[in-house]
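Remarks on the structure that follows.
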Amino acid sequence: MAALEDLVPHTERANPRTHGLDTASPSQLVQLLQECDLEIFQRDDKATAAEEHMTLFGESTIRLMTDVAAQAKIILENPENNAIVLSGCGTSGRLAFLVAKSFNKLLQDCGRSPCYTYVIAGGDKALITSQEAQEDQPELGSQQLREVTMDKKMILFIGITCGLSAPFVAGQLDMCLADPGRFTAVLLGFNPLSLARTTKVEGWHSSFAQVAERIHSRSISTTTSFLLNPLVGAEALTGSTRMKGGSATKVVLETVFLAAHTALNAGVAVSPSCVRECLLSYEAVHKTTYACSPSIAELVHRCGTSLQQAGHLYYLGWGTLGIVAMIDASECPPTFGADINDVRAFLHGGYQTLGIKEGDVSSKGQQFFLSHEDFKKNILPCLTDWDTVILIFTGDDDQLEVRCFAETIRARSPHISAIVHASSEQHLRGELESLFATIVKVTWPTISSHKMDHYLKIFHWELSTKWILNAASTGAHVAKGKVLHNFMVDLKVSNKKLFERALGILQKFTGQPRKECLKALLRCIYETEEISEETSNADISRHIQVIAHKEKVVPTAMVALLCDCSVTEARRLLSERRVIRDAIEHCLDLRRERTPIV
Ligand code: S6P
């Protein structure tokens, strides 16, 4: 019989390396993230059953990526009539957007028509703020796919769902499967097929696993369907697929499309060696980035101090690195239950640089203010000593402009840091460097002036920035006490996946059966001690709607279970400690005292 842990999807497993994440110092934390990120590039040497242990460098993965690139090449031969659609929810959708944007630019640079497009659950505003609930809606997914492909002849659709779980993507894949004459469907994720989500999608005909199974069986005999699901190891922060899942998504997609474009430009077939070489170059990014571990740890420390003192983190980025920063900031509310103002990103050129379908959406509210000018107008005048401002730029950006901006900020706050990417030939002016209290300077080997190499360089810098900012925002929330061991306990339960995760966390830390945990969770959601039969049996979507307006629901349920007390009492106990982790540790200690081990 399979052990219980074997039934948990890889993307939801606790990484054994990071059990002590919550008590790690900034440099230990960076070391742990370095080790976890390296797992993305693990080799197939421990492989037993081919499919169950497929890794990024595994032969079958490289073959699959080559095959998908060959399909992409076919589409790219006629970009006016065809389309490549990348789609996903949350981080997966944001990366779909970023990758589509980059490759459209590459096409335009080569004098061709752009043919990449993206779909993200929740629409363009989900690129900036989290809209997790739409992940649960398969019909919305297919409807949006229909809209962007209406007038297209042939479509390569890549549905990204790290956990092989998002119903939004299932709806789209189902639609592609129904029309193999037009659609080639690729499912990209990081779990084995056997661990795809099996729960039936509310109000729909199938589970995600059933759709994934159909993709897989069709992939055996045709080239209209592919299942691309290498394993990249568990996340450093349990379930936080924005981290490794997101990085691996970026690596896989960019490798596939770079291989396709290279073959197209050279008029040859896509080669597996091109795919392999590209993957190797991404592996080298890991080395180059983490060679800066001491300065990344300094940055993590500074960001942690800010959040501990109720200060804010402000990312000010240039070019696509600014978009990477925007993505990192947008993930903090759903991941850490953070306030939208805790971590904010501002982009040089604002909506013009972002280039989304809906254009400038800043009229939707203050959280959609995005440009450096918005920062100067709305944030700078109220900057405090507890805030940290991080400038993110490259040796290709205008150093004079960066310096002027840095000086303006410096006049208000000493806590200004920088993440800078430059080739070994590019030098930062001393007067610019001296403005930053902390600087993560990533130095890259000089590359050829070939167009493809230029794009690859930018992709590398983006990934490197992603790793550094993921470390900064995760480390800062760890310092704030949001994490217990390697579990985020104060998660915002905004969709079914997160509802399930919340139940798993309660079971793990309280040792109570699922039924009791569900009861406690419902008591906290509805703030009552008596849960009616009707509420117990209601669809999870109803509970999620109620949770949207509540704070600290999971920690409250955990305290109620650990201390065997009412919701009101649990809320009181939680409020006695400023840090959630301390409050829960205290309850765990109390319980140990009550039930000593004999
Ligand atoms: C995870 C992130 C989420 C996920 C989203 C999609 O750290 O906060 O927004 O990206 O839930 O997940 P998946 O498994 O479908 O890619």
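One-based numbering, in listed order, for ligands and for the atoms of each. All values reported here derive from a predicted model rather than from experimental measurement. Numbers here simply count residues along the sequence, with the first being 1.
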(request) Look at the rings of Phe346 and Tyr314 and say which category their plane angle falls in: under 30° parallel, 30 to 60° tilted, over 60° perpendicular. (result)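 Because their plane-to-plane angle lies in the 30° to 60° range, the rings of Phe346 and Tyr314 count as tilted.
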
(request) Return the orientation label for the Phe57 and Phe41 ring planes: parallel under 30°, perpendicular over 60°, tilted otherwise. (result)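 Aromatic pair Phe57/Phe41 classed tilted.
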
(message) For Phe459 and Tyr282, I'd like to know if the aromatic rings sit close, meaning centre-to-centre distance below 6.0 Å.
(response)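 Ring centres of Tyr282 and Phe459 not closer than 6.0 Å.
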
(message) For Phe103 and Phe257, I'd like to know if the aromatic rings sit close, meaning centre-to-centre distance below 6.0 Å.
(response)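 Aromatic pair counts; centres sit under 6.0 Å.
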
Considering heavy atoms of the protein only, find what lies nearest to [atom] and give residue, atom and distance to 0.1 Å.
{"atom": "atom 15 (O) of ligand 1", "value": "Thr161 OG1, 2.7 Å"}
{"atom": "atom 5 (C) of ligand 1", "value": "Glu135 OE1, 3.4 Å"}
{"atom": "atom 3 (C) of ligand 1", "value": "Glu132 OE1, 3.7 Å"}
{"atom": "atom 8 (O) of ligand 1", "value": "Thr335 OG1, 3.8 Å"}
{"atom": "atom 10 (O) of ligand 1", "value": "Thr91 N, 2.9 Å"}

Atom indices of ligand 1, in the order listed, that fall short of 4.0 Å to a heavy atom of [X]:
{"X": "Ala166", "answer": "15 (O)"}
{"X": "Ser240", "answer": "7 (O)"}
{"X": "Arg242", "answer": "1 (C), 7 (O)"}
{"X": "Ser92", "answer": "10 (O), 16 (O)"}
{"X": "Gly163", "answer": "14 (O)"}

At the 4.0 Å heavy-atom cut-off, does [X] count as touching ligand 1?
{"X": "Glu331", "answer": "no"}
{"X": "Cys89", "answer": "yes"}
{"X": "Lys497", "answer": "yes"}

(message) With a 3.5 Å distance limit and no angle check, can you tell me whether Arg501 reaches the backbone of Lys496 through a side-chain donor-acceptor pair?
(response)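 A pair under 3.5 Å: no.
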
(request) May I ask you to check whether Gln31 and Tyr290 show a side-chain donor-acceptor distance below 3.5 Å? (result)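 Per modelled atom types, Gln31 and Tyr290 side chains form no pair under 3.5 Å.
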
(request) Return each pair, listed once, that meets side-chain hydrogen bond (donor to acceptor under 3.5 Å, both in side chains) where at least one residue sits in residues 155-172; pairs must be two or more places apart or across chains. (result)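 Found Ser87-Gln172.
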
(message) Under a 4.0 Å threshold between the charged nitrogen and the carboxylate oxygen, would Arg197 count as salt-bridged to Glu500?
(response)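 Looking at Arg197 together with Glu500, the answer is no, because their closest N to O distance does not fall below 4.0 Å.
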
(message) Under the rule for side-chain contact (heavy atoms from CB on, under 4.5 Å), what residues qualify as partners of Ser92, not counting sequence neighbours?
(response)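 Result, side-chain contact (heavy atoms from CB on, under 4.5 Å) vs Ser92: Ile160, Cys162.
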
